[in-house]
Amino acid sequence: MSLIEFFRGRAAKEDRFTALVRPHLRLMHRMAYRWTQDRVDAEDLVQDVLTHLFPRTEELSAVEKLGPWLIKVLYRRYVDLFRRRARSPIDETVPCISDDAFFQEQLQDESNRYHQLELQRLLNRALVQLDETWRDVVLLHDVEGYTALEVAEILEISVGTVKSRLHRARKKLKSVLEPGTVAAFAAC
């Protein structure tokens with residue numbers, strides 16, 4: 001094999017990998033950020049997953065629903081690397097989800113921007129108060145729009161467990177976010 005053929009083949013593999021993964025990068029980073037609550041850790045997590053997947057480009061191209069599959073791989077890696085850390089269930093030093101650039105782009109109407117930002121911060125505080133297993137289900141199902149079956153596949157739990165956790169999490173969020181129960185928080 002000539003040097004030109006070697007690099008031509010290498011570029012083709014990189015191009016194929018990029019074409020497969022690029023549509024899912026924002027979602028991967030967003031989910032990694034929601035799980036780690038740290039921009040650097042989220043970037044490291046996504047980079048770690050992509051580094052491990054690059055040699056398996058052929059396998060990636062054979063996956064039917066690549067988006068949920070990538071999130072499942074990302075979640076497993078997150079559990080391996082980050083969840084083992086002993087953390088308090090409520091960490092007031094955690095930055096708000098709404099401070100992330102992804103959420104800033106969603107704020108379209110300038111006149112309503114402050115109100116939307118405050119609502120996002122309140123929701124973030126409420127999500128932090130949830131048990132991690134409930135939070136994962138809410139984020140995947142209600143925020144990212146995965147079906148209960150897809151959430152069950154990603155988290156490797158039964159569909160009944162997904163529905164149960166979703167119900168309990170929504171009930172807890174409702175009680176935390178009801179008028180009169182929301183405490184005034186300092187800006188994030």
Side-chain angles (χ1 to χ4, degrees), residues 24-49 52 65 67-104 106 116-188:
H24 309 285
L25 283 177
R26 283 182 66 106
L27 174 62
M28 290 176 70
H29 186 269
R30 193 168 54 235
M31 291 307 300
Y33 182 77
R34 287 182 178 149
W35 286 322
T36 62
Q37 293 292 304
D38 183 75
R39 186 170 281 121
V40 174
D41 286 343
E43 290 171 359
D44 288 346
L45 180 61
V46 172
Q47 183 177 359
D48 184 64
V49 167
H52 284 90
K65 291 184 176 181
W69 187 86
L70 286 170
I71 297 302
K72 181 177 184 175
V73 171
L74 184 72
Y75 179 75
R76 285 181 178 169
R77 194 66 183 151
Y78 161 70
V79 170
D80 289 345
L81 296 177
F82 293 96
R83 216 183 214 181
R84 291 182 184 162
R85 295 179 185 171
R87 282 176 79 167
S88 166
I90 301 174
D91 186 358
E92 292 296 325
T93 64
V94 172
C96 287
I97 288 176
S98 59
D99 290 339
D100 189 83
F102 293 120
F103 293 92
Q104 295 299 328
Q106 301 303 316
Q116 288 178 340
L117 187 58
E118 284 304 308
L119 288 176
Q120 287 178 346
R121 287 182 174 163
L122 288 173
L123 181 58
N124 182 55
R125 297 281 184 184
L127 285 170
V128 168
Q129 293 179 28
L130 290 179
D131 179 73
E132 284 187 22
T133 57
W134 292 4
R135 186 178 331 125
D136 294 341
V137 171
V138 168
L139 289 173
L140 289 169
H141 187 273
D142 290 348
V143 177
E144 294 302 328
Y146 287 107
T147 65
L149 183 61
E150 290 172 330
V151 173
E153 290 174 9
I154 290 170
L155 300 178
E156 297 179 333
I157 56 178
S158 72
V159 176
T161 303
V162 169
K163 291 178 180 180
S164 172
R165 288 179 183 174
L166 192 57
H167 174 75
R168 290 183 180 130
R170 286 174 178 165
K171 190 175 179 180
K172 170 79 174 179
L173 286 172
K174 183 179 178 183
S175 70
V176 170
L177 294 172
E178 281 182 342
T181 62
V182 177
F185 292 109
C188 295

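Positions are given from 1, in the same order as the sequence printed here. Here the structure is a predicted model, which means the values were calculated and not measured.
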Where [X] and [Y] come nearest, the two heavy atoms and their spacing:
X: Val176; Y: Ala126; answer: CG1-CB, 3.8 Å
X: Ala42; Y: Thr36; answer: N-OG1, 3.6 Å
X: Arg135; Y: Leu127; answer: NE-O, 2.8 Å
X: Gln129; Y: Lys172; answer: O-CE, 4.5 Å
X: Ala169; Y: Val138; answer: CB-CG2, 3.3 Å
X: Lys72; Y: Ile154; answer: CG-O, 3.4 Å

pair [X]-[Y]: side-chain heavy atoms closer than 4.5 Å:
X: Met31; Y: Val46; value: no
X: Val79; Y: Glu132; value: no
X: Trp35; Y: Asp136; value: yes

Spacing of [X] atom [atom1] and [Y] atom [atom2] [to the nearest 0.5 Å]:
X: Leu139; Y: His141; atom1: CG; atom2: NE2; value: 12.5 Å
X: Leu81; Y: Leu45; atom1: CG; atom2: CG; value: 6.5 Å
X: His29; Y: Arg39; atom1: NE2; atom2: CZ; value: 7.0 Å
X: Leu140; Y: Thr147; atom1: CG; atom2: OG1; value: 10.5 Å

With distance as the sole criterion, is a donor-acceptor pair present between the side chains of Ser164 and Arg168 under 3.5 Å?
-> yes
Asp131 and Thr133: side-chain donor and acceptor closer than 3.5 Å?
-> yes
Got a salt bridge between Arg170 and Asp142, using NZ or NE/NH1/NH2 to carboxylate O under 4.0 Å?
->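 Asp142 and Arg170: salt-bridged.
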NZ/NE/NH1/NH2 to OD/OE distance under 4.0 Å, Arg34 and Glu144 =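 Salt bridge flag = yes for Glu144 with Arg34.
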Between Tyr75 and Tyr78, how do the two ring planes meet: parallel, tilted or perpendicular, split at 30° and 60°?
-> tilted
Give a yes or no on whether Lys163 atom NZ has more than 12 heavy-atom contacts from other residues, nucleotides or ligands under 6.0 Å away.
-> no
